[in-house]
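Single-structure report; data block below.
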Amino acid sequence: METYRAGLKNAEINETLLKKKLDLRILTIGAPEFFGELVEEQMRHAAENVERAELFEECGHSLALEAEDRLAAVLKEFMLNNNSK
C-alpha cells in the first residue's frame, strides 16, 4: 500500500510545483519507444522555455546505450549553447 500512498503524495507535490513554471533553458529528448513527442509536450506544461526538442528515431527506451554518440553530441551542443535549434 505504501506505493499507492507515495503516488498520492507525489501528486500533491507535483501540483504545488506546477503552479510556477521553470524559467531556464530546457532540452527534451525522446524516442519512439521512450515517450516520443510526449517528452516535449509534457515539459511545456512545466517550463517556460523549451528551447530544443530532439526525437531520436530508430531508438528504443535506452538512449544512452542505443545512441550514445548522438546523445553526447546533443547534450554537449546544448550545454555549451552551440548550434541551438
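Predicted, not measured: the structure shown is a model, and the values here were computed from it.
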How about I29 and V74: do any of their side-chain heavy atoms sit closer than 4.5 Å? yes
Under 3.5 Å: donor-acceptor pair, side chain of K21, backbone of R44: yes
If you define the side chain from C-beta out and look only at heavy atoms, does anything of L27 sit under 4.5 Å from E54? yes
Has Q42 got more than 12 heavy atoms of other residues, nucleotides or ligands less than 6.0 Å from its CD? yes
Heavy-atom pair of closest approach, residues H61 and E33: CB-O, 3.6 Å
Measure across A46 and L18 and return the closest heavy-atom pair with its distance rounded to 0.1 Å. CB-CD2, 3.6 Å
So if you build clusters from Ile, Leu, Val, Met, Phe, Trp, Tyr with side-chain heavy-atom gaps below 4.5 Å, do F56 and L75 land together? yes
So, for I26 and A47, which heavy atoms are closest and what is the spacing to 0.1 Å? CG1-CB, 3.6 Å
Could you tell me which non-hydrogen atom of L63 sits nearest to which non-hydrogen atom of L71, and how far apart they are? C-CD2, 4.2 Å
Looking at CG of D23 and CG of N49, how far apart are the two atoms once the value is rounded to the nearest 0.5 Å? 7.5 Å
At their closest point, which heavy atom of C59 faces which heavy atom of A67, and how far apart are they? SG-CB, 4.0 Å
Euclidean distance, H45 NE2 relative to E40 CD, rounded to 0.5 Å: 11.0 Å
Any carboxylate oxygen within less than 4.0 angstrom of a Lys/Arg side-chain nitrogen, looking at R70 and E68? no
Are the side chain of R25 and the backbone of F78 linked by a donor-acceptor contact shorter than 3.5 Å? yes
Please lay out, stage by stage, how E37 and L55 fare under the test side-chain contact (heavy atoms from CB on, under 4.5 Å). CA-CA 7 Å; E37 295 176 1; L55 186 61; 3.9 Å; yes
Please report the shortest heavy-atom distance between G60 and F34, naming the atom on each side. O-CB, 3.6 Å
Can you list the residues that meet the side-chain hydrogen bond (donor to acceptor under 3.5 Å, both in side chains) rule with E2, with sequence neighbours excluded? R5
Atom pair CG/CD of L17 and E12 - distance to nearest 0.5 Å: 12.0 Å
